[in-house]
Colleague: 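Take this structure first; my questions come after.
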2 protein chains.
Amino acid sequence: MFSKNCLEGVKMPTISDVARKAGLSVSTVSRVINKKPHVSQQKETLVKAAMKELGYKPMPAARQLRGTKAKNLAVTVPRITNPFFADLINVIERTLDSKGYTIILIQTFGRKDKELDALKLLTNQTIDGVILCSIENDAPVIQEYSKYGSIVLVNEYLGELDLPTIRANQYQGFKEATGFLIQRGYKNIAYATGHKNIIVTKKEGTNLNSNRFSGFQAALREAKMSFDPKMLFTHVQTRDAGLKLFNKLFKENKMPDAIISGSDEVAVGIMEGAKEVGVEVPKRLGVLGIDDQSLSRDLFIPLTTVRQPVEEMGAAAAKAMLQHLEDKDVVENKVFNLDLVVRESV
Amino acid sequence: MFSKNCLEGVKMPTISDVARKAGLSVSTVSRVINKKPHVSQQKETLVKAAMKELGYKPMPAARQLRGTKAKNLAVTVPRITNPFFADLINVIERTLDSKGYTIILIQTFGRKDKELDALKLLTNQTIDGVILCSIENDAPVIQEYSKYGSIVLVNEYLGELDLPTIRANQYQGFKEATGFLIQRGYKNIAYATGHKNIIVTKKEGTNLNSNRFSGFQAALREAKMSFDPKMLFTHVQTRDAGLKLFNKLFKENKMPDAIISGSDEVAVGIMEGAKEVGVEVPKRLGVLGIDDQSLSRDLFIPLTTVRQPVEEMGAAAAKAMLQHLEDKDVVENKVFNLDLVVRESV
DNA sequence: CTGAAAGCGCTTACAG
DNA sequence: CTGAAAGCGCTTACAG
């Protein structure tokens, strides 16, 4: 029937093979593949039998060429090794997979060009949409690509972007968490973030970065406390970076009495540094994590942290994508609340 | 030039658009796209200018239809939320991405059909190859699919499979680790595995599962100790499952004095259970993890564990895939040694 | 060195 | 209800 090719394996049956075997035209076969009307019960049975016998599967590339949706979706994350993002991807993939979508994973490592690569897959119809779990490029360039397919934002957000967005109320969360630190008596609170810089705007909904910091500052203001800009540290994103930050602070003798770290990972690094030199947590140094990843409760000092509702956000993002794929006019915007999980590091 | 379509975004320029703009034929444009010889410097410049001006990108689907490789690779893992697999994917993606491959992520959740889905992507040329980070199906069915593309195995392996395989010497690792437990005085050692069952063969290289268990038994034998089959627990794969296992053992009053858990995740669950009811680790219960994931040293009881060289294995797997993609005849087989990381849980 | 034409595997009007 | 034919965007012999 179809011949072997010694170099490249085996040639798969095509729609013509099926038609021939069924004694029908390719049009008819195509109709049953696509569940279109106007095909008699009898022929349908014939076609299905032929497909089964041949083990026929339509070739996605050929269908795409004719305009059929690829049923592929990309998901971008900074790093998959951060459990927060692994969890996010897990829910997203689970719910999207059940709808027949295949997930293309793209780690950006914080690079604009990697994110652009993902976005560009939209233009050549490789993917139908992309879920951005972090934002590297500026609003206008991202918005531009939404012409080519569905884009939904999870976790990070940008006020200027008119795109489905699933996020948490970072302002509220950080205000509460900072309030808690103050209430526990911490006076000199450092602030570390994974971002490269912070553009401060008071408006809620501007971006994660800015809203977190404003929440932090609002709590300070209410307590009539001021913030020393030297206690702001950017681009701290890993356990290692947390450790380095602690060591720097310790060496330069500028130790604050509490640190709000940008993630649980960073918090672990800080606590590790503290342990090494005998700085007691939470007594001499309060450490606040962000994320509440699953092992945070099992650390040598159980972490007090701001829980991000990762399951809920991931599921909502997947749903928002599905909806937007069906109807470009529905742009879902959902804001979750953040909870403080009190354990022992603060 | 090319008109907007209000429903579906924008129509991208095609190779014909480029040809028209450059005042040349599509053949010539195709030649420069594919860096084929026989095109004058002059025309090449013309074509490149036209491509740039139009923002032209060849459509992958159309190229695939003509037999060009998709440059897509799938990676299967049981669950991305297990840091061991997140780490594995991370290295794999990093090295493959740098060669221009796009990664399709597939979580199997231990299901055969999910793994088959991945394998089937080979048949319709959606992907050029798949890296299996665990094995769900039987050897013959997997081998069958190797006709359609490159398959490489990492971590798990099957002796019968004639495929590039990157793995660790589980026999040696488990023998050493068990020897260490014995030396520390543990006498009644339970054995938990994530797998559904264990087919025991003595031969090294049969499969991960079997080799781990034989290593364990070999150490027992050398110490003239015997193993109570009731102390074998299968299908224990998460932190939760570890916790449940502990509770069951505790309730039924069958507590061993040590447990070899199938992963660090499971070990954490066991230690959690022990903490809750006041069973001292490692004094009354030794807990051995497997993996050495990054937070294992930071747990409330730093975990003694068998380190799997995840970075090295991932990189080797990616390299093996690249090689096999280029030349089907080179089937790389690499075996890494396992190290015991001694901390405080044993 | 360059171009016209066939064809990859599909879907979709268009006839009948 | 069914089929012949055109065409999606490419690449690749085949001429010249």
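Within every chain, numbering begins at 1; the chains are lettered A, B, ... in the order of the sequence lines, protein sequences first and strands thereafter. Everything numeric in this text was worked out from a predicted model, so none of it was measured.
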Colleague: So does A:L158 get a backbone contact from the side chain of A:N207, meaning a donor-acceptor N/O pair under 3.5 Å?
Modeller: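 No.
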
Colleague: Just jot down the side-chain hydrogen bond (donor to acceptor under 3.5 Å, both in side chains) partners of B:E156, sequence neighbours excluded, or say none.
Modeller: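 For B:E156, the residues satisfying side-chain hydrogen bond (donor to acceptor under 3.5 Å, both in side chains) (neighbours in sequence not counted) are B:H195.
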
Colleague: In residues 33-44 of chain A, which ones come under 4.0 Å of DNA chain D, going by heavy atoms?
Modeller: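 Within this stretch, A:H38, A:V39, A:S40, A:K43 sit under 4.0 Å of the strand.
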
Colleague: Using a cut-off of strictly less than 4.0 Å between a heavy atom of the residue and any atom of DNA chain C, enumerate the qualifying residues of residues 56-66 of chain B by number.
Modeller: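 Per residue number, the list reads B:L65, B:R66.
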
Colleague: How about A:L122 and A:V130: do any of their side-chain heavy atoms sit closer than 4.5 Å?
Modeller: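 Side-chain contact under 4.5 Å: yes.
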
Colleague: Does B:T14 reach a base, just sugar-phosphate, or nothing at all? Heavy atoms under 4.0 Å.
Modeller: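 Touches sugar-phosphate only.
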
Colleague: Check residues 100-111 of chain B and write down every donor-acceptor pair under 3.5 Å in which the side-chain atom is one partner and the other belongs to a residue at least two apart or another chain.
Modeller:
| unit_1 | atom_1 | unit_2 | atom_2 | d |
| --- | --- | --- | --- | --- |
| B:Q107 | OE1 | B:I80 | N | 2.9 |
| B:Q107 | NE2 | A:N90 | OD1 | 3.0 |
| B:Q107 | NE2 | A:E93 | OE1 | 3.0 |
| B:T108 | OG1 | B:G110 | N | 3.2 |
| B:R111 | NE | B:D113 | OD1 | 3.2 |
| B:R111 | NH2 | B:D113 | OD2 | 2.8 |

Colleague: First and last nucleotide of DNA chain D touching chain A, 5' to 3', heavy-atom cut-off 4.0 Å?
Modeller: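 In short, chain A contacts DNA chain D from D:dC1 to D:dG9.
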
Colleague: Salt bridge (charged side-chain N to carboxylate O under 4.0 Å, His left out) with A:R63: which residues, sequence neighbours excluded?
Modeller: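 Applying salt bridge (charged side-chain N to carboxylate O under 4.0 Å, His left out) to A:R63 gives none.
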
Colleague: Have a look at A:S30 and say if it touches a base, only the backbone sugar-phosphate, or nothing, with a 4.0 Å heavy-atom cut-off.
Modeller: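 Contact class for A:S30: base.
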
Colleague: Which residues satisfy the salt bridge (charged side-chain N to carboxylate O under 4.0 Å, His left out) test with A:R66, sequence neighbours excluded?
Modeller: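 A:R66 satisfies salt bridge (charged side-chain N to carboxylate O under 4.0 Å, His left out) with no residue once adjacent residues are dropped.
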
Colleague: Would you please enumerate the stems DNA chain C participates in, each stem being three or more consecutive Watson-Crick or G-U wobble pairs with both distances under 3.5 Å?
Modeller: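 Consecutive-pair runs (3 or more) involving DNA chain C: C:1-3 with D:14-16, C:5-12 with D:5-12, C:14-16 with D:1-3.
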
Colleague: Only counting residues at least two apart or in another chain, list the ones meeting side-chain hydrogen bond (donor to acceptor under 3.5 Å, both in side chains) with A:N72.
Modeller: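 If we apply the side-chain hydrogen bond (donor to acceptor under 3.5 Å, both in side chains) test to A:N72, skipping adjacent residues, there are no hits.
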
Colleague: Decide if atom NZ of A:K57 counts as having more than 12 heavy atoms of other residues, nucleotides or ligands within a radius under 6.0 Å.
Modeller: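 For A:K57, atom NZ is not crowded (no more than 12 foreign heavy atoms under 6.0 Å).
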
Colleague: Starting at the 5' end of DNA chain C, which residue's closest nucleotide do you reach first, B:T28 or A:R31?
Modeller: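 Mapping each residue to its closest nucleotide by heavy atoms, the 5'-most match is B:T28.
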
Colleague: With a 4.5 Å limit on heavy-atom distance, are the side chains of A:L96 and A:K99 in contact?
Modeller: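 A:L96 does not reach A:K99 side chain to side chain.
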
Colleague: Only counting residues at least two apart or in another chain, list the ones meeting salt bridge (charged side-chain N to carboxylate O under 4.0 Å, His left out) with B:R31.
Modeller: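 With neighbours one apart ignored, the set is empty.
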
Colleague: With sequence neighbours excluded, give me every salt bridge (charged side-chain N to carboxylate O under 4.0 Å, His left out) pair touching residues 73-89 of chain B.
Modeller: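 Residue pairs with at least one partner in residues 73-89 of chain B: B:R79-B:E265.
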
Colleague: Does any non-hydrogen side-chain atom of B:L163 lie less than 4.5 Å from one of B:V152?
Modeller: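 Answer no - side chains too far apart.
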
Colleague: Ignoring hydrogens and angles, write down the donor-acceptor pairs under 3.5 Å from the side chains of residues 313-325 of chain B, residues two or more places apart or on other chains.
Modeller:
| unit_1 | atom_1 | unit_2 | atom_2 | d |
| --- | --- | --- | --- | --- |
| B:H324 | ND1 | B:S150 | OG | 2.8 |
| B:H324 | NE2 | B:K328 | O | 3.4 |

